[in-house]
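Hydrogens, waters and symmetry mates play no part in the numbers below; they use all other heavy atoms, side chains included. Protein chains get the first letters and strands the later ones, always in sequence-line order, with residue 1 at the start of each.
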2 protein chains.
Amino acid sequence: MDNKSTEDYIKSIYRLEQDNGTALTTSLARLLGVGAGSVTDMVKKLSDKRLLHYEPYQGAKLTPDGKRLALKMVRRHRLWEMFLVTFLNYKWDEVHDEAERLEHVTSEGLEQRIDKALGYPKVDPHGDPIPTAEGELIDVSYKSLSDCNVSDEGVIVRVSDDSPEMLQLLTKLGLGLNTKIRISQKVKYDGSVIITMGGREIPLSPVMSKSIFINIPE
Amino acid sequence: MDNKSTEDYIKSIYRLEQDNGTALTTSLARLLGVGAGSVTDMVKKLSDKRLLHYEPYQGAKLTPDGKRLALKMVRRHRLWEMFLVTFLNYKWDEVHDEAERLEHVTSEGLEQRIDKALGYPKVDPHGDPIPTAEGELIDVSYKSLSDCNVSDEGVIVRVSDDSPEMLQLLTKLGLGLNTKIRISQKVKYDGSVIITMGGREIPLSPVMSKSIFINIPE
DNA sequence: TAATAAATTTAGGCTTACCTAAATATAAAT
DNA sequence: ATTTATATTTAGGTAAGCCTAAATTTATTA
């Protein structure tokens, strides 16, 4: 059983479990880009390795060991992203794929040295929190623009890392972490959100406004 | 055919071909830690991929494509070694294994950024030359201590990266790149070489003296 | 409640890179 | 030149992680 596959499965299961309470076969298959049958195979093997609990037809849930591994991978991924931006002049839209590869060949020692070189950062370039070495994930409180009300204001503290294209667009619009914005209008008709930022009015699509978070407790 | 195996075979073949003119099956097997039968299998596949020429019983020799790949891997390995030392406080005896893993997940872009961040270095932390992006390997001229004569003197420009233990010992003795030394005696009895360095006399075993090189043209 | 749809598992296969042991080729030594 | 030793190849097998299609289970809808 090889490193990369195991780690990718565990990461995906972790994400699905966070979102849906359990990682169903088909969702996993879609996320990993493999067939459903392959997932069933692999999930059984990971269950044998005590990384997850598997009940046929009920999906998978990580064991404490599995969760520990998942958080370790998330930590490595986000540390690498931060490192690439800080030391190698990557932009926030360029780091995801590189980190995806690097995370699988990162020793304990390398992880520690990167952490130290960065001054023990708490978040990655997209504002996602970096789990501690002990596997603790402190989540900051924030609210997506689509959940905000008109005249809410705050500072962008997190942006979804789902699409480089979207991140590039934000850069172009002058929006980044720590940018101060205000909700100026919510368009019922199409679900857009219009924000003001330094005097300018910027309209954001529904998807976009779900991807941007400001520091207002939910 | 996966990345890592292909790259490891090509690297090993490159090294053997440099040393012996050809990469014989058994040597390759020993270097890679696999059985001879496995090597024959794999070498045939690499031959199909036009990375090497293979004549049964005669060993393998890289094609231009194969050599290009080999030098690319050597370049990435040595850039990573330099990077780990320069940016992450690794010692020269700690970098080999990390680089061995990192080199296989290094994109073109990452390679370039590391190169730039380091200021386009010419050698790695052990004094091994770093091939250019175009695959050119400029080898510096040097001579191993065992090939030197009494009263030869110069500066250490390269040290074999074969054993972390040996590198640690050198550090302990105060010997590193750019250290100035002089051959003070060659002991016929056991093949030792005695050097002077900053007034101190330091005896070096035959193996050790084959692993240290100073800047005297051969 | 029975029929239908959707999700999941099972079964049989493929490829890659490895293994071991037997067969064969080459090289060395008598 | 023939034997002996060494190197190499061949042949048959294995484990991982994937695939597809058939069988089964679960969920939904009539």
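Nearest to the side chain of B/Tyr54, among D/dC18, C/dT9, D/dT8, sits D/dT8. Ranking D/dT8, C/dT16, C/dC19 by closeness to the B/Lys45 side chain, first place goes to C/dT16. In the set C/dT9, C/dA17, D/dC19, C/dA17 carries the atom at the smallest distance from any side-chain atom of B/Met42.
Ring geometry for A/His126 against A/Trp92 counts as parallel: the plane angle stays under 30°, on a 0 to 90° scale with 60° as the upper cut.
Residues from residues 21-30 of chain B with heavy atoms under 4.0 angstrom of DNA chain C: there are none.
Rounded to whole Å, the distance from CD on A/Gln58 to C1' on D/dT26 is 9 Å. In this structure, A/Tyr57 atom OH and C/dA6 atom P are separated by 17 Å, rounded to whole Å. Atom NE2 in B/His104 sits about 15 Å away from atom C1' in C/dA17, given to the nearest Å. Atom CG in A/Asp48 sits about 14 Å away from atom P in D/dA15, given to the nearest Å. One can place CG of A/Leu46 at 10 Å from P of D/dC18, the figure rounded to the nearest angstrom. Atom pair A/Asp8:CG and D/dA16:P shows a separation of 17 Å (rounding to whole Å applied). In this structure, CG of A/Leu16 is placed 14 Å from P of C/dA7, rounded to the nearest angstrom. B/Asp41 places its CG atom 12 Å from the C1' atom of D/dT8, with the value rounded to the nearest Å.
When heavy atoms are screened at a 4.0 angstrom cut-off, B/Ser38 is found touching base atoms of the nucleic acid. A/Ser5 comes within 4.0 angstrom of sugar-phosphate atoms only, judged by non-hydrogen atoms across all strands, and of no base.
Residue B/Tyr9 comes nearest to B/Val39 through the heavy atom pair OH-CA, 4.0 Å, listed as atom of the first residue, atom of the second, then distance.
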Checking side-chain contact (heavy atoms from CB on, under 4.5 Å) for the pair A/Ser38/A/Asp41: CA distance, chi angles, key distance, verdict?
CA-CA 5 Å; A/Ser38 309; A/Asp41 269 11; 5.5 Å; no
Determine whether B/Asp190 and B/Ser192 satisfy the following criterion, side chain to side chain donor-acceptor pair (under 3.5 Å), listing intermediate values before the conclusion.
CA-CA 6 Å; B/Asp190 67 349; B/Ser192 288; 2.8 Å; yes
Assess the residue pair B/His104 and B/Asn3 against the criterion (side chain to side chain donor-acceptor pair (under 3.5 Å)); give the C-alpha distance rounded to whole Å, side-chain angles, the decisive distance to 0.1 Å, and a yes or no.
CA-CA 7 Å; B/His104 299 297; B/Asn3 235 18; over 6 Å; no
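Judged by distance alone, the side chains of A/Ser107 and B/Glu98 do bring a donor and an acceptor atom under 3.5 Å apart.
Within the 4.0 Å cut-off from OP1 or OP2 of C/dT16, not a single side-chain nitrogen or oxygen of B/Tyr9 is found. Taking 4.0 angstrom as the limit, A/Lys44 places none of its side-chain polar atoms (N or O) nearer than this to OP1 or OP2 of C/dT9.
One finds a salt bridge joining B/Glu111 and B/Arg76 here, because a Lys/Arg side-chain nitrogen approaches an Asp/Glu carboxylate oxygen to under 4.0 Å.
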